[in-house]
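Here the structure comes first, spelled out in structure tokens, and everything after it is commentary.
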Amino acid sequence: MQVDARSIHTRQDTSVVNPDSQLLWIRTDNGADELRSLLAWLQWDDALRGRVRLEHAPVGAGEMGGLVDALTVVLGSGGIGVALTSSLTAWISQRRSDVKLTVTARDGRSVEVDAKRVDAQALARDIERILRAEEGA
């Protein structure tokens, strides 16, 4: 697993959430179907239901609509960060194909996970580190 502290360009549309909300964006190199699979998985978790949504890329000139670009996760109190960490770890461990995810906080800090070499405990620690810093922001 590789922890990447560089800023990632994100479309951070926060129009449907409180501006003070803590947000994370999850992206994958494997396309929209992978994000939809992860969304469906996360929505089974009672603590995350209603807090995760698909985010679309901006619509370009001459395009009918934006492609699915990321998942946006609205964080809060009540162990939501722990639920997200547990669900992500479980989803990755259930995958039969290679997965590469990037979890990015509002301030640009990110964790990049390559599921070919995933260490579930290290993944949980890295995501919790971002969540702790996001809660302190």
Side-chain angles (χ1 to χ4, degrees):
M1 176 174 3
Q2 174 184 354
V3 176
D4 185 359
R6 65 187 158 86
S7 177
I8 299 213
H9 296 287
T10 61
R11 176 177 172 254
Q12 299 179 355
D13 177 7
T14 59
S15 60
V16 297
V17 297
N18 181 328
D20 296 328
S21 294
Q22 300 155 352
L23 302 173
L24 291 179
W25 288 267
I26 302 173
R27 289 189 164 71
T28 179
D29 288 351
N30 298 350
D33 289 341
E34 189 101 289
L35 287 172
R36 285 186 184 96
S37 169
L38 178 55
L39 174 66
W41 180 276
L42 295 175
Q43 288 176 332
W44 276 100
D45 189 318
D46 289 339
L48 297 172
R49 194 171 299 122
R51 294 182 170 275
V52 183
R53 65 181 170 95
L54 290 173
E55 177 135 347
H56 296 270
V59 179
E63 294 179 347
M64 296 293 288
L67 299 174
V68 173
D69 182 47
L71 292 181
T72 302
V73 183
V74 180
L75 301 174
S77 59
I80 294 166
V82 172
L84 176 63
T85 300
S86 296
S87 287
L88 273 176
T89 303
W91 182 77
I92 289 170
S93 69
Q94 297 297 316
R95 303 297 297 168
R96 294 177 189 253
S97 60
D98 295 342
V99 175
K100 186 174 182 181
L101 293 177
T102 304
V103 180
T104 307
R106 189 181 298 219
D107 66 3
R109 287 172 300 110
S110 64
V111 174
E112 194 171 280
V113 179
D114 187 340
K116 289 184 283 190
R117 298 179 305 272
V118 71
D119 174 344
Q121 291 178 342
L123 169 63
R125 283 191 306 270
D126 289 340
I127 293 173
E128 287 171 1
R129 189 175 312 122
I130 282 181
L131 294 174
R132 278 193 304 273
E134 186 73 8
E135 289 171 355

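Quick note: residue numbers are just sequence positions, from 1.
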Report yes if some heavy atom in the side chain of [X] is under 4.5 Å from a heavy atom in the side chain of [Y]; otherwise report no.
X	Y	value
T102	E112	yes
W91	L101	yes
L24	T104	no
S87	W44	no
L88	L38	yes
Q43	L48	no

Just verifying a value: how many Å separate [X] [atom1] and [Y] [atom2], rounded to the nearest 0.5 Å?
X	Y	atom1	atom2	answer
E128	D126	CD	CG	9.5 Å
T85	I80	OG1	CD1	11.5 Å
R51	D45	CZ	CG	11.0 Å

Worksheet item: Regarding E55 and T72, is there a side-chain donor-to-acceptor distance under 3.5 Å anywhere?
Response: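 Yes - a donor-acceptor pair under 3.5 Å links their side chains.
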Which one of L42, V103, V52 satisfies the side-chain contact (heavy atoms from CB on, under 4.5 Å) criterion with L84?
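Considering L42, V103, V52, a side-chain contact (heavy atoms from CB on, under 4.5 Å) with L84 is found only for L42.
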- Query: Does D98 have any salt bridge (charged side-chain N to carboxylate O under 4.0 Å, His left out) partners at least two apart in sequence or in another chain, and if so, which?
  - Reply: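 Once residues adjacent in sequence are excluded, D98 has no partner under the salt bridge (charged side-chain N to carboxylate O under 4.0 Å, His left out) criterion.
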Starting from V73, can I reach L54 by hopping between I/L/V/M/F/W/Y residues whose side chains sit under 4.5 Å apart?
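The answer is yes; both residues are in one hydrophobic cluster.
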